[in-house]
Amino acid sequence: MINFVEELRWRGMIHDVMPGTEELMLKEMVTAYVGIDPTADSLHIGHLVGVMMLRHLQRCGHRPVVLVGGATGMIGDPSGKSQERNLLDEPTLRHNQECLKNQLAHFLDFASEIPNKALMVNNYDWMKEFSFLGFIRDVGKHITVNYMMAKDSVKKRLSGDGEGMSFTEFTYQLVQGYDFLQLYREHNCKLQMGGSDQWGNITTGTELIRRIAGGEAYALTCPLITKADGGKFGKTEQGNIWLDPERTTPYQFYQFWINVSDADASRYIRIFTLRDRQEIEALEAEHAQAPHLRLLQKALAHDLTCDVHSEADYNSAVEASEILFGKGTTETLRRLDEKTLLSVFDGVPRFNVAPAVLSDGCNVLDLLATHTTIFPSKGEARRTMKDGGVMINREKVTEETVITTQNILNNRYLLAQRGKKNYYLVVVADE
RNA sequence: GGGGAGAUUCCAGAGCGGUCAAAUGGGGCAGACUGUAAAUCUGUUGGCGCAGCCUUCGGAGGUUCGAAUCCUCCUCUCCCCA
C-alpha cells in the first residue's frame with residue numbers, strides 16, 4: 001500500500017492531519033470522503049483539489065467516497081463568506097448529482113469491480129426523513145453548544161460586527177458531522193478530507209463518531225489554493241473556470257492553465273497532476289533553465305485538458321492557441337475551413353452584421369462601434385487604432401480602413417481583434 | 001432635538017466665478033519590451049460629424065455677460081452634543 005499521507009505531503013496538499021491517520025492508512029484500506037455541494041450541474045476548478053485528494057486516495061489503494069451535499073447545500077456553510085442558500089428542488093438536485101458524477105468519473109473509478117471502487121452518496125437521502133425532534137434528540141444532545149461555539153468559523157461570526165449568524169448556519173457543523181457518522185456506520189468511513197476551512201466541521205464529525213459510536217475517525221485538510229498575486233484561484237474576469245465544456249470551452253480551459261504564473265505553476269503541478277516527484281523536479285529544473293518555454297504550464301495544461309476533456313480537445317486547443325498567439329496571419333486564417341475556424345473561435349463573443357452593410361464598403365469605425373459593440377464608442381475605437389491595437393483578420397487597421405465583402409472569411413466571418421487578447425467574431429449574415 | 005462637515009468624471013481625491021471635460025493617484029484600455037508571464041516604460045481614459053461642437057461636477061431653481069465654484073430650497077451621507 002502506497003503511503004497516501006506521504007504522497008499528499010510532498011505534493012504540498014496537507015494543511016493539517018489528525019495524529020494516527022498515517023499509521024491507520026498504512027495498515028488497512030481506508031474509506032475516506034470529500035463533500036461537494038451540488039449547487040450547479042458542473043464542477044469548477046475550485047472543486048478540483050478535493051477531487052485530486054480522492055484520486056490520489058484511490059491510487060494509493062483506498063476507497064474514495066464523494067458525498068453530494070444535497071441537504072447541507074441547502075443550508076450554507078458559515079465557514080467562509082457563503083450566504084444562506086436557496087433550496088434546490090429534488091429533480092434539480094438529482095440532475096446535478098448525475099452531472100457531477102459523470103465529470104468525476106474522469107478522475108475516479110466508479111465502475112470497475114475493484115474493492116476500492118469509488119462511491120457517490122447524497123446526504124439528502126438520509127437527511128430528508130430525519131425529523132427535527134429526532135435530530136436534536138439523537139445527535140444534538142451529544143455535542144455541547146460550548147464545543148460548537150469554540151469553532152473558529154462560529155467565533156468569527158459571533159464576535160465581528162457583521163451580520164451575526166442564523167441558527168440554521170450554526171447548526172451546519174452538526175449536520176455535516178452527522179454525515180460523517182452516517183458514513184462511518186454505513187461504509188466504515190474513517191476519514192474526512194477537505195479544504196483547511198473545513199477543519200472545524202470535520203472535527204465535529206470525528207467527535208460525534210467518538211461519542212455516539214465509540215469509534216475512531218480522522219481528519220485531513222488541504223491548504224486553500226491561492227494565487228501568488230493574491231487573486232482568487234479559479235476566477236477570471238469571465239467568471240469561474242468550469243469543467244463543463246458548455247460553460248468553459250476546452251480552449252478557455254487550456255488557456256487558463258497555460259497562463260498560470262511561474263510562481264504558482266510549481267505548486268499547481270504537484271496538486272493537479274499525477275506526475276511523480278522525480279518528473280516534476282526535473283521539469284522544474286528545465287523550467288528554471290528556459291522559463292520562456294513554460295514547460296510547467298504546458299504540462300499542467302496538457303494533463304488537465306486531457307483529464308477533463310480529451311486528447312482531441314487538447315490538440316485543437318493547442319492548434320487554436322498557435323493560430324491566435326503564434327505567427328498566424330490573414331493567410332493562415334484564410335486557409336482554415338469553416339469548421340476549424342469556428343472551433344478555434346468557439347466561445348469568442350460574436351456579433352451579427354447584415355451583408356448589406358459591407359456590400360458598399362463600411363468604415364471600420366462604424367463596423368466596430370456602431371454595427372457592433374466591440375467598442376463602446378467611436379472615440380475609444382479611434383484611440384485604440386492610433387495605438388495600433390485594432391486588427392481585422394490579424395491585420396492592423398487605421399480609422400481610414402474600409403471593410404468590404406472582400407475581407408470576409410469563409411463567406412461569413414470577420415475576425416476583429418482588440419489588443420492582443422480580445423477576439424471578436426463578426427458573422428456576416430442576415431438574421 | 002441642537003451644532004458642524006460633505007455630496008466632483010470608474011474609484012479615491014483636488015478645484016472654490018472665467019484660462020475646467022476638470023489637477024493628482026488608483027483602476028481600466030492600448031502600445032513598447034517579453035514567455036500569451038511578472039516587472040518596467042509610454043500613451044490613453046465623457047460623447048460626436050473631433051483644430052470645432054454637445055452633455056457632465058447630488059436634485060430643482062436663482063444671481064451673473066459667464067457657475068463645479070455664489071445664493072435659496074430639497075435629497076442623501078458623515079461627525080459632534082443631547
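Below, chains carry the letters A, B, ... as their sequence lines are ordered, and counting in each starts from 1.
Atom name C1', nucleotides G46(B) and A37(B): the rounded distance is 34 Å, in whole Å. Using atom P as the reference point in both C79(B) and A67(B), the two lie 35 Å apart (nearest Å). Spacing of P atoms, C20(B) relative to G4(B), comes out at 34 Å, to the nearest Å.
Here Asn422(A) reaches the OP1 or OP2 of A30(B): one of its side-chain N or O atoms lies under 4.0 Å away. An OP1 or OP2 oxygen of G35(B) is reached within less than 4.0 angstrom by no side-chain nitrogen or oxygen of Lys420(A). Phosphate proximity of A37(B) to Lys421(A): present, with a side-chain N or O under 4.0 Å from OP1 or OP2. Applying the 4.0 Å criterion to OP1 and OP2 of G49(B), one finds that Lys378(A) has a side-chain N or O inside that range.
Pair check for G6(B) finds C76(B); Watson-Crick or G-U wobble, both atom distances under 3.5 Å. Here C29(B) sits opposite G43(B) as a Watson-Crick or G-U wobble pair (both hydrogen-bonding atom distances under 3.5 Å).
Ionic pairing of Glu98(A) and Lys101(A) is not present here: no N-O contact between side-chain nitrogen and carboxylate oxygen is shorter than 4.0 angstrom.
Taken from CD1 in Ile271(A) to CD1 in Ile225(A), the straight-line distance is 3.5 Å, to the nearest 0.5 Å.
Rounded to a whole Å, the CG atom of Asp387(A) is 5 Å from the C1' atom of G31(B).
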